[in-house]
Every structure is written in C-alpha cells, then in structure tokens.
Amino acid sequence: MRTRVARLYQKGDLRIETAAVAALGPGEVLLKMAAAGICGSDLHYYQDGGFGPVRVREPIIPGHEAAGTVSQAAEGVDLKAGTLVAVNPSQPCGHCEYCHKAMPIHCLEMRFMGSAMRLPHEQGMFREWLVVPARQCFAVGVATTAAEAACSEPLSVCLHAASRAGDIAGKRVLITGAGPIGALMVAVACYHGASEVVVTDLADAALTRAKAMGASRTYNVAKDAQALAGFEAGKGYFDLVFECSAAAPAIRSAIATIRPRGTIVQVGVSGDVPIPLNAIVGKELQLHGTQRFHEEFATAVDLISSRKIDVRPIISHSLPLEQATAAFILAGDRASACKVQLTF
C-alpha cells in the first residue's frame, strides 16, 4: 500500500510524492488522515530551512498537528474502525533519566513526529495514510470535527504553558502575539479564570481572532508603539504575561508592564534576544520557559470535544494535500491567515 505525502527537501522545496505505508504491527492502528495543521515550526522549515540550530538536513514529511479516522487496528487494540482520533506526536522513551523523574518533556531520546531536531529526522503526518501506535491516538467526541481535533496539539502547548504560570484565577493577564498559539493562550487563560486578558499584535486580523477567543482588550502595537505605556504606571499592571511572539520589543514591553514579583511565561521561540536584566532583577520577576506538553494532550482532547474551549475561531483555511505549497504560502500571510490546515 502506498500513500501520498508532502515532503520538504529544503527551504521552499515542498513536493507531493508517494511513499510506502508501514505494515501494521502489534499495538498499532492504520489511520486515514483527515486534517493536519501547519505549525510555526513547519513554516520555519519551509521558509528558512529551519529555526535556530534545528535545520532540515534531509527530506522530511512535516506535520505534527493532526487527526484521522481509524481504518484498521491490530489485535487487542481498543479502537474501533471509524473512530476519529487526535494523534499525539510526542514519543518519549520512558526509560531515560528525565522520564524516570516524571519529566518526559525533557526525554533524552524524545521522538517527535515531523521534527528535524534528530537525524534521521522524525517523519510527520502530512500524508493520507499513517500507521501509528494506538497509545498515541485519543478518540474525540462524536460532534467534534477533524479540523477541531487537529488543534489538540497546539492547545496542549498552551495548557502546559498555563501549568508553568501557577494559579491564573483572578489574574490580570497580558498575551503578546496573537498567532494560533497566542489566540489559544487567550482561551486557556479565560478557561482558568483570568480576570482580564489583554492582547497585543501587529495585525488587526489576529487581534480580531483574539477577541473571538475571549480577549478583554486588544492593541495593535504596529499602529501605536506606545499602546501599553499606560500599563507601566506604579511599576506595572499585569500579574502574568504569556509572551507568544519571541519579538524583542514585545519582551521588553512585557517586562515594563508587569508588576513586581509577577510571572512571565516565555512561549514564543526565537534566537538570541537582548533583554533588560536590570528590570527583571529590580522587579524580582519570575521568568519561566515552557516547551511542548505531555499529560496535557488528553486534557486538550477533552476540552475540545466538550467545546469548553472552542478552537473553531482560529481555523482560517483548509486546503487539500495537493495544494500544500499554496497552504504554506498562505500560512505565512498573517494579514489573512491564522491556522491553515491540510485535508486528505
């Protein structure tokens, strides 16, 4: 059996090809893929050939935000044919130092589908058919669409970021950057009971989606670079910041507008960025990194299935696999696109 795939060879070189489908092994399922989102890292692979030290060094099938329908299951697997599932792309080894310390996110032998971090690269889910371990498949609610289910991975990222922030209930929250992760971060902050959620971005379209996800106020800092200046009074206004842009001006504004002993969770990823250490020290700020997720994936599936978090406002475009290049180009246009998905 063969399947069509979208394979990236180098910066800007994405090809639709065919590849063999692996034989079904013990504990595995064969999925007919339905929807897969283009993530920021996928976009960096396409636009820049990688991000930071992670480079595309051999052909790779991208894609780690996906959902599909069970077509066949190995003996003993408790997933029936026809079940729509969200696929967890994370595969910690289970036996290294960090897995034993209950920190599988930091697994020394982590395999993450669609990632160029390791060599050979871990192949991803931009394909029509996929064989995957059943333990990575999470059944979604009967009323849940494949497009919604494919948002389980990015929502998991935001749920883990929230876990790094401590108690959010009643907090005044700033979110810098309203791309797909920033928009989902708005929904997560609201879900956890934030009293106010203020969002900044450079694009009106992104801010409109942030409002749809529950933002209290939004500011276009491209139009008004001093939009947050009023929040700097009295050593700062916000209790908590989720920094989702990785842009130096946004990081500086976060530090300027957060109150003393507030918490900044750095969600966005970039290269080296200068930061005002004197302000971090002087305000006694807590600065937390956050990466990926683990147990949050099951929670994300439940929240999407129940629509306690409604991800539909971020899904802006769906294009068929054969239009993958057009989909990647569209995903890079923040004036019109948010979450762009491929369909199969």
Side-chain angles (χ1 to χ4, degrees), residues 22 24-29 31 36-37 39-42 45 50-58 60-68 70 73-74 76-79 85-125 130-140 149-166 181 184-185 188 242 263 265-269 286-304:
L24 191 67
E28 294 182 330
V29 293
L31 301 180
C39 176
S41 61
D42 299 322
Y45 291 157
F51 55 93
V54 180
R55 314 307 299 176
V56 174
R57 292 167 285 172
E58 64 181 16
I60 182 173
I61 301 171
H64 56 264
E65 308 174 0
V70 176
V77 170
D78 189 23
L79 280 172
V85 299
V87 183
N88 184 343
S90 181
Q91 305 172 77
C93 71
H95 57 258
C96 74
E97 173 187 356
Y98 292 103
C99 286
H100 282 307
K101 289 180 177 177
M103 291 191 288
I105 289 171
H106 299 287
C107 172
L108 295 173
E109 299 297 329
M110 171 65 77
R111 297 175 59 198
F112 197 88
M113 299 175 73
S115 171
M117 189 170 292
R118 294 167 60 98
L119 195 66
H121 296 337
E122 293 295 330
Q123 301 301 311
M125 293 188 272
L130 175 68
V131 171
V132 68
R135 66 178 180 274
Q136 291 176 235
C137 298
F138 292 74
V140 302
C151 292
S152 298
E153 194 274 351
L155 180 57
S156 302
V157 169
C158 296
L159 291 170
H160 182 67
S163 77
R164 301 286 290 140
I181 291 295
L184 288 171
M185 204 71 246
V188 169
F242 292 102
T263 298
V265 180
Q266 185 60 44
V267 186
V269 179
Q286 299 183 70
L287 179 60
H288 296 299
T290 181
Q291 156 172 266
R292 294 180 179 166
F293 51 85
H294 186 62
E295 63 272 11
E296 293 88 358
F297 195 89
T299 304
V301 171
D302 289 343
L303 291 172
I304 289 173

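Within a 6.0 Å sphere centred on CZ of Arg57, heavy atoms belonging to other residues, nucleotides or ligands number more than 12. Atom OH of Tyr98 has 12 or fewer neighbouring heavy atoms from other residues, nucleotides or ligands inside a 6.0 Å radius.
Nearest heavy-atom pair, Met185 versus Cys158, reported as atom, atom and distance to 0.1 Å: CE-O, 3.2 Å. The shortest heavy-atom contact between Ala139 and Val301 is O-CG1, 3.5 Å. Closest approach of Ala66 and Met125 over heavy atoms only: CB-SD, 3.7 Å. Nearest heavy-atom pair across Cys137 and Val132 is SG-CG1, 3.6 Å. For the residue pair Gly94 and His100, the shortest heavy atom distance occurs at O-CE1, 4.2 Å. Looking at every heavy atom in both residues, Val267 comes nearest to Ala161 through CG2-CB, 4.0 Å.
Taking the side chain as every heavy atom from C-beta outward, Gln123 and Ile60 approach each other to under 4.5 Å. By the 4.5 Å heavy-atom criterion applied to side chains, Glu58 and Leu119 are counted as neighbours. Glu28 places none of its side-chain heavy atoms less than 4.5 Å from the side chain of Val77. Contact of the Met117 side chain with the Phe112 side chain is not registered, since no non-hydrogen atoms from C-beta on lie closer than 4.5 Å. With contacts defined as side-chain heavy-atom distances shorter than 4.5 Å, the pair Leu130/Met113 qualifies. Under the 4.5 Å side-chain criterion, counting only non-hydrogen atoms from C-beta, Cys93 is not in contact with Leu108. Looking at heavy atoms from C-beta onward, Val265 lies in side-chain contact with Phe242 at the 4.5 angstrom threshold. The shortest side-chain heavy-atom distance between Phe293 and Asn88 falls under the 4.5 Å cut-off.
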(message) One pair to check against side-chain contact (heavy atoms from CB on, under 4.5 Å): Val140 and Val85. What are the steps and the verdict?
(response) CA-CA 6 Å; Val140 302; Val85 299; 5.9 Å; no

(request) Kindly indicate, with the supporting measurements, whether the criterion side-chain contact (heavy atoms from CB on, under 4.5 Å) is fulfilled by Leu287 and Thr263. (result) CA-CA 6 Å; Leu287 179 60; Thr263 298; over 6 Å; no

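Note that OG1 of Thr299 and CZ of Phe138 are 9.5 Å apart. Values are rounded to the nearest 0.5 Å. In this structure, NE2 on His121 lies 8.5 Å from OG on Ser115, to the nearest 0.5 angstrom. Rounding to the nearest 0.5 Å gives a distance of 10.0 Å between NE2 of His288 and OG of Ser163. In this structure, the separation between CD on Glu97 and NE2 on His106 is 11.5 Å, given to the nearest 0.5 Å. Ile61 CD1 to Asp42 CG: the interatomic distance, rounded to the nearest 0.5 Å, is 12.0 Å.
His160 meets the ring pair (Phe, Tyr, Trp, His ring centres under 6.0 Å) test with no other residue; sequence neighbours excluded.
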Using distance only, find each side-chain donor-acceptor pair of residues 149-157 under 3.5 Å and give its atom names and separation, not counting sequence neighbours.
from, atom 1, to, atom 2, distance (Å)
Ser152, OG, Ala149, O, 2.8
Ser156, OG, Ser152, O, 2.6

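Checking side-chain atoms of Glu122 against main-chain N and O of Gly114 turns up no donor-acceptor pair under 3.5 Å.
Screening residues 286-303 for salt bridge (charged side-chain N to carboxylate O under 4.0 Å, His left out), with sequence neighbours left out, gives no hits.
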